[in-house]
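First listed ligand is number 1; within each ligand, the first listed atom is number 1. No hydrogens, no waters, no symmetry mates; every other heavy atom, side chains included, goes into these values. Quick caveat, the model's predicted, so the values are computed rather than measured.
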Amino acid sequence: MRIGVIGGGAWGTALAQVAAHGGREVLLWAREAEVVASITDEHVNRSFLGGVALSPSIRATGELGELDAVDAFLVVAPAQHVGAVLAETPVRGRPLVLCAKGIEAGSRRLVGEVARAAHPDAAVAVLSGPTFAHEVAQGLPTAVTLACEDAGLRARLAERLASPHFRPYASSDVIGAEIGGAVKNVLAIGCGVVEGAGLGQNARAALIARGFAEMTRFGLARGARAETLAGLSGLGDLVLTCSSTSSRNFSLGVGLGQGRAASALLADRRTVAEGAFTAPVLAQAAVEAGVDMPVTEAVCRLLDGAEVEAVIGDLLARPLRDEVA
Ligand SMILES: NC(=O)C1=CN([C@@H]2O[C@H](COP(=O)(O)OP(=O)(O)OC[C@H]3O[C@@H](n4cnc5c(N)ncnc54)[C@H](O)[C@@H]3O)[C@@H](O)[C@H]2O)C=CC1
Ligand SMILES: O=C(CO)COP(=O)(O)O
């Protein structure tokens, strides 16, 4: 199975490295000419994944049309751009493995819905889990959820992507895998705020647990399975992203917790913090689904510039309730 990777950011590059395991050829499309040049000439991606020597069997291109030669696509553009990029890709019914984590602003569609609308004849799979790109690219041990409704296809994809360091666990719960990855980015911003404002480890653990309750309520309302939300792509990724400044979402939250404005923090970076785009859309989707998501609402207020002390105070002053509702 020849793999094409759509997106030359940190995660697309790391996944190209995974797919190139054993010297297999991989074609990676990158939007930036300097990324194409750096991978082609030096086998590195200086712009988004510096310091990692890439397999020479990864070939880079700036032309989406060249992807016509592959058998399956790993779709690794940021969630807000997946629709536009897929509209230009010659998919022609070949499988789309979605690796972005987010919800499209405006339409409030999960990435799977975006992909199905663009290419109704292509099978859709979701690859998601606790996966910092720089660790994966260095070959450190990693496990992911690989969700696809077609059992034969998910087995073929899992076999094609597995390596001694990269272990996909198969699942049929596509929506569950998507929701875990999208929601955890928002919660990671909240955990970063806790860190940045010096609110302590107890508060961070409480936010992870209550955030997971929110993820579960929202996921179940949208048809996800509880086991998926408690697995690699849900709780696993939530714990990773809420614990480390390697996370762009957590780091954004640290800055907010230190009193800096979201607009200034986002203007400073070239890399994507998906939670900043997903938070307001998720809050709206939660209202539509009749699901209470107070941590997500708090993150939205913080992104909009509210004072940390006021937002945390309001969260703690909510009426007392049962832990399991
Ligand atoms: N970096 C990581 O460790 C992981 C990232 N992801 C997800 O992968 C997705 C991609 O993230 P990264 O590779 O980390 O990106 P990145 O932050 O390393 O790089 C930004 C990417 O956005 C692309 N981009 C910017 N404007 C664009 C536009 N108008 N159209 C198309 N592409 C555009 C750039 O070409 C670049 O590929 C995100 O949804 C992220 O949540 C998932 C797992 C791990
Ligand atoms: O999704 C990720 C790890 O699984 C990467 O998290 P950030 O996007 O917050 O860096």
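Of all atoms in ligand 1, listed by their number and element, those nearer than 4.0 Å to a heavy atom of A133 are 1 (N), 2 (C), 3 (O). Less than 4.0 angstrom separates some heavy atom of T241 from each of these atoms of ligand 2: 6 (O), 9 (O). Distances below 4.0 Å separate heavy atoms of T131 from the following atoms of ligand 2: 3 (C), 4 (O). Residue T131 approaches ligand 1 through these ligand atoms, each under 4.0 Å from one of its heavy atoms: 3 (O), 43 (C), 44 (C). Close approach of ligand 2 to D237 (heavy-atom distance below 4.0 Å) involves ligand atoms 3 (C), 4 (O). Residue V85 approaches ligand 1 through these ligand atoms, each under 4.0 Å from one of its heavy atoms: 31 (C). With ligand atoms numbered from 1 in the order given, ligand 2 contributes 3 (C), 4 (O) to contacts under 4.0 Å with heavy atoms of L240. Less than 4.0 angstrom separates some heavy atom of K101 from each of these atoms of ligand 2: 1 (O), 2 (C), 3 (C), 4 (O). Each of the atoms 37 (O) of ligand 1 lies under 4.0 Å from some heavy atom of G8. Of all atoms in ligand 2, listed by their number and element, those nearer than 4.0 Å to a heavy atom of G129 are 4 (O). Every atom of ligand 1 with a heavy atom of T271 under 4.0 Å away is listed here by number and element: 17 (O).
Salt bridge status for R156 with D150: absent, with no side-chain N to carboxylate O gap under 4.0 Å. Looking at E34 and R270, a side-chain N of the basic residue comes within less than 4.0 Å of a carboxylate O on the acidic one, giving a salt bridge. For the pair R154 and E149, the salt-bridge criterion is not met [side-chain N within less than 4.0 Å of a carboxylate O].
Heavy atoms from other residues, nucleotides or ligands lying under 6.0 Å from CD of E307 number 12 at most.
Donor-acceptor pairing under 3.5 Å is recorded for the side chains of E214 and T296. No side-chain N or O of D237 forms a donor-acceptor pair with one of S233 less than 3.5 Å apart.
Proximity of L86 to L96: side-chain heavy atoms (C-beta onward) are separated by under 4.5 Å at one or more points. Contact annotation: the side chain of T61 never approaches that of L28 to less than 4.5 Å [non-hydrogen atoms, C-beta and beyond].
For N249, heavy-atom contacts with ligand 2 shorter than 4.0 Å involve the backbone as well as the side chain.
Nearest heavy atom pair, residue T271 against residue F48, reads CG2-CD2, 4.4 Å. Looking at every heavy atom in both residues, R160 comes nearest to E25 through NH2-O, 4.3 Å. Taking every heavy atom of both residues into account, L256 and L302 meet most closely at CD2-O, 4.0 Å. Contact between V85 and A77 at its shortest, heavy atoms only, is CG2-CB, 4.3 Å.
In terms of polar-atom proximity, A100 is not counted as a contact of ligand 1, lacking any N or O under 3.5 Å from an N or O of the ligand. At least one N or O atom of K101 sits closer than 3.5 Å to an N or O atom of ligand 1. Taking distance alone, with nitrogen or oxygen atoms compared against 3.5 Å, R270 stays at or beyond that limit from ligand 1. At a 3.5 angstrom cut-off on N or O pairs, A10 counts as close to ligand 1. Below 3.5 Å of separation, one finds no N or O of P78 facing any N or O of ligand 1. In terms of polar-atom proximity, G9 is counted as a contact of ligand 1, with an N or O under 3.5 Å from an N or O of the ligand.
Looking only at protein heavy atoms, the nearest one to atom 9 (O) of ligand 2 is S247 OG, 2.6 Å. With hydrogens left out, the protein atom closest to atom 1 (N) of ligand 1 is R248 NH2, 3.3 Å, a heavy atom. Shortest contact from atom 6 (O) of ligand 2 to any protein heavy atom: K184 NZ, 3.4 Å. Protein heavy atom in closest approach to atom 20 (C) of ligand 1: F48 CE2, 3.8 Å. Among all non-hydrogen protein atoms, the one lying nearest atom 10 (O) of ligand 2 is R248 NE, 2.5 Å.
Between the choices K184, R269, R31, the shortest heavy-atom distance to atom 24 (N) of ligand 1 belongs to R31. The closest heavy-atom contact to atom 4 (C) of ligand 1, among the options W11, W29, F277, F132, comes from W11. Which of Q80, H81, E32 comes nearest to atom 27 (C) of ligand 1 through a heavy atom is settled by distance: it is H81.
Within the structure, the closest approach of H134 to ligand 1 does not fall below 4.0 Å when heavy atoms are considered. Ligand 2 is never approached by E274 to a heavy-atom distance shorter than 4.0 Å.
Taking D71 as the reference, R2 meet the side-chain hydrogen bond (donor to acceptor under 3.5 Å, both in side chains) condition, with sequence neighbours excluded.
Although no hydrogens or angles enter the test, the distance criterion places no donor-acceptor pair under 3.5 Å between the side chain of E104 and the main chain of V111.
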